[in-house]
Amino acid sequence: MSTLAVVAAVSALLAVAVAVLAWRSRAQTPAAAPLAFGLLGSGTWAAAVAVMGLGPPPAVQDALVLVEFAGVGATVACLRVFLHAATGRPMRRSRLLLLLVEPVLLLAVVALDDRLHWFHQTVAYTGDPLVRETTHGPAFWLHSLYSYAVIASGVRDLLRSRSTSSGLVRRQATTMLVGLGVPVLANAVSITSPASVLPVDITPPAFVVSGIVFAYAVLAQDLLRMVPVARGLVVDTMSDGVLVVDQSGRVVDLNAAGRELLRGSCGARGEPVGAALAGLLPDLAAAVGAGEVVTVLRTGDGRSLDVRARWIRDHRGDVLGRVLVVRDVTAVLAQQRALEEANEQLLAHVRTIERLRADLAEEASRDPLTGLRNRRRFVDDLQARLSASAAAGDPLSLVLLDVDHFKAVNDVHGHAVGDEVLVAVAQVLRAHARAEDVVRYGGEEFVVLLPHLDAGAATERAEELRRACARLRLEVEDLRLTVSAGVATSPVHGTSPDELLVAADRALYAAKSAGRDRVTLAG
């Protein structure tokens, strides 16, 4: 037996041994099973090469070729599944089935190669012991190209994992990248060297070496123990209670916070693992029911618990149980309620301030003597009303009134009587128009807005106002009260506040010039 055949035989034994070690760790990570099967594939491949190195009869070697490439196909497919799982992305079943297509086709082509000669165009046996010499056909090169493409996709995933990771995961990715380089280099040497130079394929021992490197990465570098390590360092130190419940409702695992939760809620002192959740904490069991739930539970001792229940499924999607994450939110909800009450008080203060500000603004816009609006914002309001009337196509009239001989009233009867006169006129005007349409414009001048009335209707309304004022009787001897009025209408006499007020003022002046106690329409 040649040295290379011995190496192949030893590597086959090593592959089986390491595969057993990996298989024993399959419960801890999805990457263990494909690693074990890949090593068995490499071991099968290496064993076939070792036996062929003994120089058995051609018929035996032809049969061993089929075994050899069965190992080749299994090695490449399992290698890809392993790299997929090792980078944290379990492979979908549909993609796994696609990976099996090429190995099946490969075996079919190799089995029919004595007729088709697609894989090996020529086969010859020379030397003692017999060495199988071949020339590669198109199917061989297609298979090689496919295998390199599969391995390249795994290299791509490892490079991505390495570039986005640090620490342990980065070291693991680096180790596996180095391991992948060994069989690639060995295979390149094997397929380019003639049988006279390299009578035994050195690729399977190289794949076994690669598998051992992977085993080192996932065993010595703790990839297969990542889940329990993460549980110990992360889950057990979480402040939230984590409980794992199986399909029958039994607690199968929980962290330290979960134990404290059960101890505080039901006083349980024994081991909760294996006990029914309904017996340990009935309120919690009733709240989560039998499905996925997000709720807030109010316990009998006055605590509020935020509870989130989610399914636990295996890589096939089958339900294994549920994980419950429970957080005590009593203090958080109390703070939230206190904040809401503070916000309500703040909003009440803001509303009070707004009301006081509105009252102040309204008070500032009112005449303190008559209670009518003053001219502070009258022009702005008039502009808004004119714009609205113009948009609607309606007229807007205003009446400018002035108390006749008001100065004489003040001089003869005093300012107190003058104020009484102004208050009386304001009451009459307010009684015949909307309060918001009556404005004390000056000392003894008033403005009455008449929406939707044209010049004729506004003049008639102004006459009504004049007559109503003339009927006023004050408790002052020999005091006869009259008013004069000027009427202007938009858009006939103007479309702006200034134009309309000027037109009404001119009409008022004309009424006074004509003898007072009359209404004049702007010309």
Side-chain angles (χ1 to χ4, degrees), residues 1-16 38-79 100-151 182-211:
M1 177 183 271
S2 67
T3 302
L4 292 177
V6 173
V7 170
V10 172
S11 64
L13 295 175
L14 285 174
V16 173
L39 283 165
L40 290 178
S42 299
T44 301
W45 183 2
V49 169
V51 174
M52 292 174 68
L54 298 175
V60 175
Q61 294 201 40
D62 290 342
L64 287 173
V65 170
L66 192 61
V67 177
E68 174 187 2
F69 281 98
V72 171
T75 299
V76 174
C78 292
L79 173 65
L100 298 178
V101 172
E102 196 274 344
V104 172
L105 293 177
L106 172 65
L107 290 179
V109 171
V110 172
L112 299 173
D113 199 46
D114 58 339
R115 302 177 186 175
L116 302 176
H117 302 291
W118 289 352
F119 203 78
H120 294 139
Q121 289 183 330
T122 62
V123 177
Y125 291 91
T126 60
D128 186 18
L130 291 175
V131 176
R132 192 174 192 269
E133 295 185 355
T134 60
T135 56
H136 303 313
F140 177 88
W141 295 114
L142 285 175
H143 160 70
S144 299
L145 182 62
Y146 167 81
S147 299
Y148 278 114
V150 170
I151 294 173
V182 176
V184 171
L185 180 61
N187 185 254
V189 172
S190 292
I191 63 177
T192 56
S193 300
S196 59
V197 175
L198 196 63
V200 175
D201 186 0
I202 63 172
T203 307
F207 264 110
V208 173
V209 171
S210 182

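FYI, side chains are in, hydrogens and waters are out, and symmetry mates aren't considered; it's all heavy atoms of this structure. Treat the numbers as computed from the prediction; the structure is a model and nothing was measured.
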Nearest heavy-atom contact between A15 and L39 is CB-O, 3.3 Å
To the nearest 0.5 Å, atom CD of Q121 lies from atom NE2 of H136 at 10.5 Å
Closest non-hydrogen contact found for A47 with A12 is N-CB, 3.8 Å
A74 and G41 have their tightest heavy-atom pair at CB-CA, 4.2 Å
Side-chain contact test, heavy atoms from C-beta onward, threshold under 4.5 Å: evaluate it for F140 versus T134 and give yes or no. no
Within-4.5 Å side-chain heavy-atom neighbours: V110 and E68:
no
Notebook entry, point to check: For T122, does its backbone N or O pair with a side-chain atom of T135 as donor and acceptor, under 3.5 Å?
Noted result: yes
Rounded to the nearest 0.5 angstrom, the CG-OG distance for L106 and S147 is 8.0 Å
Interatomic distance, CG@D113 vs CZ@F69, rounded to 0.5 Å, equals 9.0 Å
| request: State, with a plain yes or no, whether a side-chain heavy atom of V101 is found less than 4.5 Å away from one of L105. | output: yes
Nearest heavy-atom approach of P103 to G73 is CG-O, 3.8 Å
- Item | H143 and E102: side chain donor to acceptor below 3.5 Å | yes
Heavy-atom closest pair (P56 atom, V51 atom, distance to 0.1 Å) is CD-O, 3.3 Å
Under the side-chain contact (heavy atoms from CB on, under 4.5 Å) rule, what do D62 and Y125 come out as? Steps first, then yes or no, please. CA-CA 11 Å; D62 290 342; Y125 291 91; 2.4 Å; yes
Q.
I want to check something: taking the side chain as every heavy atom from C-beta on, are V184 and I151 in contact at a cut-off of under 4.5 Å?
A. yes
From the list R132, H117, Q61, side chain to side chain contact (heavy atoms under 4.5 Å, CB included) partner of V123 resolves to R132
Taking the side chain as C-beta and beyond, is there a heavy-atom pair between T44 and V67 under 4.5 Å?
yes
